[in-house]
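Notes follow once the structure below has been shown.
Heavy-atom basis, side chains included; hydrogens, waters and symmetry copies ignored.
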Amino acid sequence: MTTTLWAVSDLHAAVKRNAAQIDAIRPTDPSDWLIVAGDVAERPELVVQVMRELSDRFDTVIWVPGNHELFCRSADRHRGRDRYTMLVQAMRSIGVITPEDRYPVFSGVTICPLFTLYDYSFRARDLTVDEALAAAHKNNVVMTDEMAIAPFVDIRAWCWDRLAYTTKRLSRITGPTILINHWPLVQEPVQQMRWSDIALWCGTRHTRTWPQRYGAQAVVYGHLHMPGVTTVDGVPHIEASLGYPREWERYPSARPFPYPVMEVEQ
């Protein structure tokens with residue numbers, strides 16, 4: 001028998017047709033673990049409901065937030081950084097591991113849930129942030145983040161705070177790791193996207209060296225809705241997204257979902 005570390009992301013549970021796909025996320029052994037790399041849903045109640053169901057099925061569940069969990073409106077009680085704190089507390093209450101908890105170890109490999117956000121640095125080097133954002137607006141390629149996250153927090157400052165916090169934690173680890181983040185840690189997968197302006201909301205250049213620096217056997221991410229594996233400097237970067245029906249209906253039937261990141265003999 002084997003124990004498997006599985007990964008999924010971008011479940012978008014508010015979409016009714018995704019319900020059957022989420023229900024099919026099941027362990028093959030009671031000892032299996034599951035990574036959920038963000039974008040479970042927008043409403044906190046639905047995020048908690050889905051994560052509770054998954055935590056009831058798997059031995060251990062690890063969650064990192066995506067941009068959709070951070071979406072809010074002016075009337076919401078929890079906004080910006082406070083919303084993230086609320087979600088972490090909710091995940092802890094149902095036994096789900098978050099980026100604020102001690103990193104768990106799976107068969108000798110430290111599993112590191114991260115939360116680094118984006119800082120608009122995935123842009124042309126000859127453009128300032130303001131120039132790049134203006135170009136995206138002109139091209140009508142602007143992510144909802146600009147209306148549902150950015151008005152409630154200084155997103156660049158929050159990103160940089162998270163980078164400092166996370167590097168301090170990762171520097172204490174010895175041995176192999178698997179790094180988990182909603183946003184890709186390197187720019188190569190983003191460069192495959194059809195609309196280059198979207199890259200502004202897809203990560204930060206400052207995580208580029210992390211896989212090598214922190215001994216990553218693999219990186220798990222989501223966000224792009226382009227599931228697959230991109231190998232960068234010898235490290236597989238695994239996007240484990242489900243996405244929206246119009247997307248997953250086109251995926252090859254043999255596509256692994258959930259994605260088996262690591263398997264060990266019991």
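In this structure, the side chain of Glu69 engages the main chain of Val40 through a donor-acceptor pair within 3.5 Å. Side-chain atoms of Arg250 come within 3.5 Å of backbone N or O of Arg246 as a donor-acceptor pair. No side-chain donor-acceptor contact under 3.5 Å links Arg26 to the backbone of Arg57. Side-chain atoms of Asp39 come within 3.5 Å of backbone atoms of Asn67 as a donor-acceptor pair (strictly under, hydrogens ignored). At least one donor-acceptor pair under 3.5 Å links the side chain of Asp32 to the backbone N or O of Thr28. Between the side chain of Thr204 and the backbone N or O of His206 there is at least one donor-acceptor pair closer than 3.5 Å. Judged by distance alone, with hydrogens and angles left aside, the side-chain atoms of Glu42 form no donor-acceptor pair with the main-chain N or O of Phe71 at under 3.5 Å. Between the side chain of Thr167 and the main chain of Ala164, a donor-acceptor pair closer than 3.5 Å is present. Between the Asp10 side chain and the His223 main chain, a donor and an acceptor come within less than 3.5 Å of each other.
Side-chain contact check for Arg83 versus Phe152: every heavy-atom pair is 4.5 Å or farther apart. Contact annotation: the side chain of Cys202 approaches that of Met193 to within less than 4.5 Å [non-hydrogen atoms, C-beta and beyond]. Side chains of Val229 and Tyr259 form a contact here, defined as non-hydrogen atoms less than 4.5 Å apart. Counting heavy atoms from C-beta on, the side chains of Pro99 and Leu114 never come closer than 4.5 Å. Side-chain contact between Asn181 and Val64: absent, with no pair of heavy atoms (C-beta onward) separated by less than 4.5 Å. A 4.5 Å side-chain heavy-atom check between Val186 and Tyr221 finds every atom pair outside the cut-off. Counting heavy atoms from C-beta outward, Tyr84 and Pro65 have side chains that approach closer than 4.5 Å. Looking at heavy atoms from C-beta onward, Asn18 lies in side-chain contact with Trp248 at the 4.5 angstrom threshold.
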Practice task
Output, in order, the C-alpha distance, side-chain angles, deciding distance and verdict of side-chain contact (heavy atoms from CB on, under 4.5 Å) for Val141 and Ile198.
Solution key: CA-CA 7 Å; Val141 182; Ile198 294 178; 3.4 Å; yes
Handout entry: Pair Glu100-Thr98, side chain to side chain donor-acceptor pair (under 3.5 Å): steps then yes or no
Key = CA-CA 5 Å; Glu100 306 310 305; Thr98 79; 5.6 Å; no
Exercise for the section: Could you walk me through whether Arg205 and Phe122 pass side-chain contact (heavy atoms from CB on, under 4.5 Å), step by step? Expected result: CA-CA 6 Å; Arg205 293 175 186 166; Phe122 282 1; 4.0 Å; yes
Practice task
Check the pair Val232 / Arg208 against side-chain contact (heavy atoms from CB on, under 4.5 Å), numbers first and verdict last.
Solution key: CA-CA 10 Å; Val232 181; Arg208 171 78 198 186; 3.6 Å; yes
Practice task
Under the side-chain contact (heavy atoms from CB on, under 4.5 Å) rule, what do Ile173 and Tyr214 come out as? Steps first, then yes or no, please.
Solution key: CA-CA 8 Å; Ile173 299 172; Tyr214 301 118; over 6 Å; no
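Grouping the Ile, Leu, Val, Met, Phe, Trp and Tyr side chains by contacts below 4.5 angstrom, directly or via other members, places Trp195 with Val129. Leu224 is not connected to Val219 by any chain of hydrophobic side-chain contacts under 4.5 Å among Ile, Leu, Val, Met, Phe, Trp and Tyr, and they are in different clusters. Tyr165 and Ile180 are members of different hydrophobic clusters when ILVMFWY side chains are connected at heavy-atom separations under 4.5 Å. Linking ILVMFWY residues whenever their side-chain heavy atoms come closer than 4.5 Å, directly or via other members, places Met51 and Val88 in the same cluster. The same ILVMFWY cluster, assembled from side-chain heavy atoms under 4.5 Å apart, contains both Val220 and Ile111.
Between atom CD1 of residue Ile149 and atom SG of residue Cys72 there is a gap of 7.5 Å, rounded to the nearest 0.5 Å. Summarising the geometry, atom OG1 belonging to Thr144 is positioned 10.0 Å from atom CD belonging to Glu146; distances are rounded to the nearest 0.5 Å. Put simply, CG on Leu133 and CD on Glu131 are 10.5 Å apart, with the number rounded to the nearest 0.5 Å. Here Ile155 contributes atom CD1 and Leu117 contributes atom CG; the two are 4.5 Å apart, rounded to the nearest 0.5 Å. One distance of note links CG of Asp197 with CZ of Arg123; it measures 13.0 Å at 0.5 Å rounding. Considering CG of Leu179 and CD of Gln217, their distance stands at 10.5 Å, rounded to 0.5 Å.
Annotation for Val61 and Ser55: closest pair CG2-CA, 3.6 Å, computed over non-hydrogen atoms. Nearest heavy-atom pair, Gln192 versus Thr230, reported as atom, atom and distance to 0.1 Å: NE2-OG1, 3.7 Å. Minimum heavy-atom separation, Leu11 to Leu242: O-CD2, 3.9 Å. In plain terms, the two heavy atoms of Pro104 and Ile62 that are nearest each other are CG-CD1, 3.9 Å. Minimum interatomic distance between Val15 and Pro245 (heavy atoms only, all atoms of both residues): CG1-CD, 3.7 Å. Across every non-hydrogen atom of His237 and Pro211, the tightest pair is CE1-CG, 3.8 Å.
With sequence neighbours excluded, the residues satisfying salt bridge (charged side-chain N to carboxylate O under 4.0 Å, His left out) with Arg17 are Glu249.
More than 12 non-hydrogen atoms from other residues, nucleotides or ligands lie less than 6.0 angstrom from CZ of Arg255.
Applying the ring pair (Phe, Tyr, Trp, His ring centres under 6.0 Å) test to every pair with at least one member in residues 9-39, sequence neighbours left out, gives these pairs: His12-His68, His12-His225, His12-Tyr244, Trp33-Phe106.
The aromatic rings of Trp183 and Phe115 lie tilted to each other, with the angle between the two planes from 30° to 60°.
In the model, Asp82 has no side-chain atom that pairs as donor or acceptor with a side-chain atom of Thr85 under 3.5 Å. Counted by atom type alone, Thr177 and Thr110 present zero donor-acceptor pairs between their side chains at under 3.5 Å. If you check the side chains of Thr128 and Asp130, you find no donor sitting under 3.5 Å from an acceptor.
Between Arg43 and Asp76, no side-chain nitrogen of the basic residue sits less than 4.0 Å from a carboxylate oxygen of the acidic one, so the salt-bridge criterion is not met.
Taking the six-membered ring for Trp and the full ring otherwise, Tyr118 and Tyr120 have centroids separated by under 6.0 Å.
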